[in-house]
Amino acid sequence: MTEIVSLKHAMKLTADAVDKKLDHLMPVPEGAERRVVEAMRYSMFAGGKRLRPFLVSISADLFGVSQVSALRVGAAVECVHCYSLIHDDLPAMDDDEIRRGRPTAHIEFDEATAVLAGDGLLTLAFEILAHDETHADPRVRCELVTALASSAGAHGMVGGQMLDLAAENAQLDMGEITRLQHLKTGALMGFSVEAGAILGKASQTTRGHLAAYARDLGLAFQIADDLLDVEGDPGEVGKATGKDDDAGKATLVSLLGIERARQQAQLLSDQAISHLREFGDRGVLLKELARFVINRKK
Ligand code: GRG
């Protein structure tokens, strides 16, 4: 119980700090472009958990990296995450009207503005990473840019979203679903964990352990998300539930059933924790987070 309280406290501290940073990085301009920035801010400051910035922060902590760097990278990855949610909600994709308990961006504004708000956030992410305040070493900044681009692009999250769209009303097996989810959800989480190691110039062996942790964490997170879609309370989850079933989407829950999916999430969470041995007590928040993602209610 004490550990969960301290995890929540640590998550809140990071969320507050990254919100402050994002507020500073997204000033509202005068003129006609004001509307797109307002839409970016509307979606950005809507009560997200800031899980990915927290992952950056705690992985950076393992290597004694300054929180100034970690917060900027956290802000960048949250921009990419937020863009993906705006675009995912569009009528051409998941066609959702509620996200985080509020009207989605295209409902609150309009479709064209929502597309542009997503584009604005995606490009802002790379501007943040490339700035010399993110890290003094340009090679580190370049590595961050490359890693975020590949985890967000056609061989990462965008590719996963393509597989997801193609999967409607298709019979996917466990391997295919796992690959889809690894790309759609896991890739950006993988970047978030890897970012600390890039900032801290960690060894390849250490990076391998963190990548294995992130892979299992992402898959466990996604199963929990699919369970929430089946069992969650829309009021608490902050969005419509039952969407996967309505769209005929294959998930590990539809394939395995609720009980076995829950067991699989537990197994992945335990496996994620097993990759953290080399960090000893310093890995405690990463461990707690692996437990948190499968027990969350939103
Ligand atoms: C449109 C390129 C493009 C990609 C969309 C992320 C994504 C890919 C789709 C979102 C659909 C979805 C519900 C995916 C499940 C995993 C996920 C990203 C959940 C939302 O992440 P949280 O729980 O959200 O971290 P908050 O609101 O806390 O920020």
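All of these numbers come straight from a predicted model, not from anything done at the bench.
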Is the backbone of [Y] close enough, under 3.5 Å, to the side chain of [X] for a donor and an acceptor to pair up by distance?
| X | Y | result |
| --- | --- | --- |
| Arg72 | His131 | no |
| Arg291 | Ile273 | no |
| Tyr213 | Gln271 | no |
| Arg99 | Ile86 | no |
| Thr178 | Met174 | yes |
| Thr14 | Ala10 | yes |
| Glu168 | Leu165 | no |
| Asp94 | Asp96 | no |
| Thr123 | Gly120 | yes |

Between [X] and [Y], what is the shortest heavy-atom contact and its length?
| X | Y | result |
| --- | --- | --- |
| Ala272 | Ala290 | CB-CB, 4.3 Å |
| Ser59 | Ala195 | OG-C, 4.5 Å |
| Met157 | Val80 | CE-CG1, 4.0 Å |
| Ile98 | Pro103 | CD1-N, 4.3 Å |
| Ala147 | Ile198 | CB-CD1, 3.9 Å |
| Leu256 | Ala261 | CB-N, 4.1 Å |

- prompt: Looking at side-chain heavy atoms only, is the closest gap between Val65 and His135 below 4.5 Å?
  reply: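 In short, these two side chains do not touch, never coming nearer than 4.5 Å.
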Looking only at side chains, do [X] and [Y] share a donor and an acceptor under 3.5 Å apart?
| X | Y | answer |
| --- | --- | --- |
| Gln181 | Asp225 | no |
| Gln222 | Thr185 | yes |
| Thr134 | Arg141 | no |
| Glu111 | His106 | no |

query: Does NZ or CZ of Arg52 fall inside the cone over Phe191's six-membered ring, less than 6.0 Å from its centre and within 45° of the axis?
result: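 No, Arg52 and Phe191 do not form such a contact.
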Stacked cation flag Arg296 on Phe221, 6.0 angstrom / 45 deg: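 Flagged: Arg296 positioned over aromatic ring of Phe221.
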Rounded to the nearest 0.5 Å, how far apart are [atom1] of [X] and [atom2] of [Y]?
| X | Y | atom1 | atom2 | result |
| --- | --- | --- | --- | --- |
| Leu129 | Leu144 | CG | CG | 5.5 Å |
| Phe54 | Phe292 | CZ | CZ | 9.0 Å |
| Gln264 | Ser269 | CD | OG | 11.5 Å |
| Glu78 | Arg50 | CD | CZ | 4.5 Å |
| Leu210 | Leu55 | CG | CG | 10.5 Å |

message: Could you check, using the six-membered ring where one of them is a Trp, whether Tyr83 and His87 have ring centers closer than 6.0 angstrom?
response: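 That pair passes the under 6.0 Å test.
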By salt bridge (Lys or Arg N to Asp or Glu O under 4.0 Å), which residues pair with [X], not counting sequence neighbours?
| X | value |
| --- | --- |
| Asp270 | none |
| Lys21 | none |
| Asp137 | Arg139, Lys201 |

same_hphob_cluster([X], [Y]) at 4.5 Å side-chain heavy-atom cutoff:
| X | Y | answer |
| --- | --- | --- |
| Tyr42 | Leu122 | no |
| Leu183 | Leu85 | no |
| Leu25 | Val73 | yes |
| Met40 | Phe109 | no |

Positive for side-chain hydrogen bond (donor to acceptor under 3.5 Å, both in side chains) with His209, one of His275, Glu278, Arg277: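 Considering His275, Glu278, Arg277, a side-chain hydrogen bond (donor to acceptor under 3.5 Å, both in side chains) with His209 is found only for Glu278.
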- request: Please name the residue in the list Arg41, Arg34, Arg35 that meets the side-chain hydrogen bond (donor to acceptor under 3.5 Å, both in side chains) test with Glu38.
  value: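 For Glu38, the side-chain hydrogen bond (donor to acceptor under 3.5 Å, both in side chains) test succeeds with only one of Arg41, Arg34, Arg35, which is Arg34.
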task: Show the numbers, then the answer: is there a salt bridge (charged side-chain N to carboxylate O under 4.0 Å, His left out) between Arg262 and Glu259?
output: CA-CA 5 Å; Arg262 218 193 299 279; Glu259 249 345 282; 3.5 Å; yes
- prompt: Salt bridge check: are Asp16 and Lys20 linked by an N-O gap of less than 4.0 Å?
  reply: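 No salt bridge links Asp16 with Lys20.
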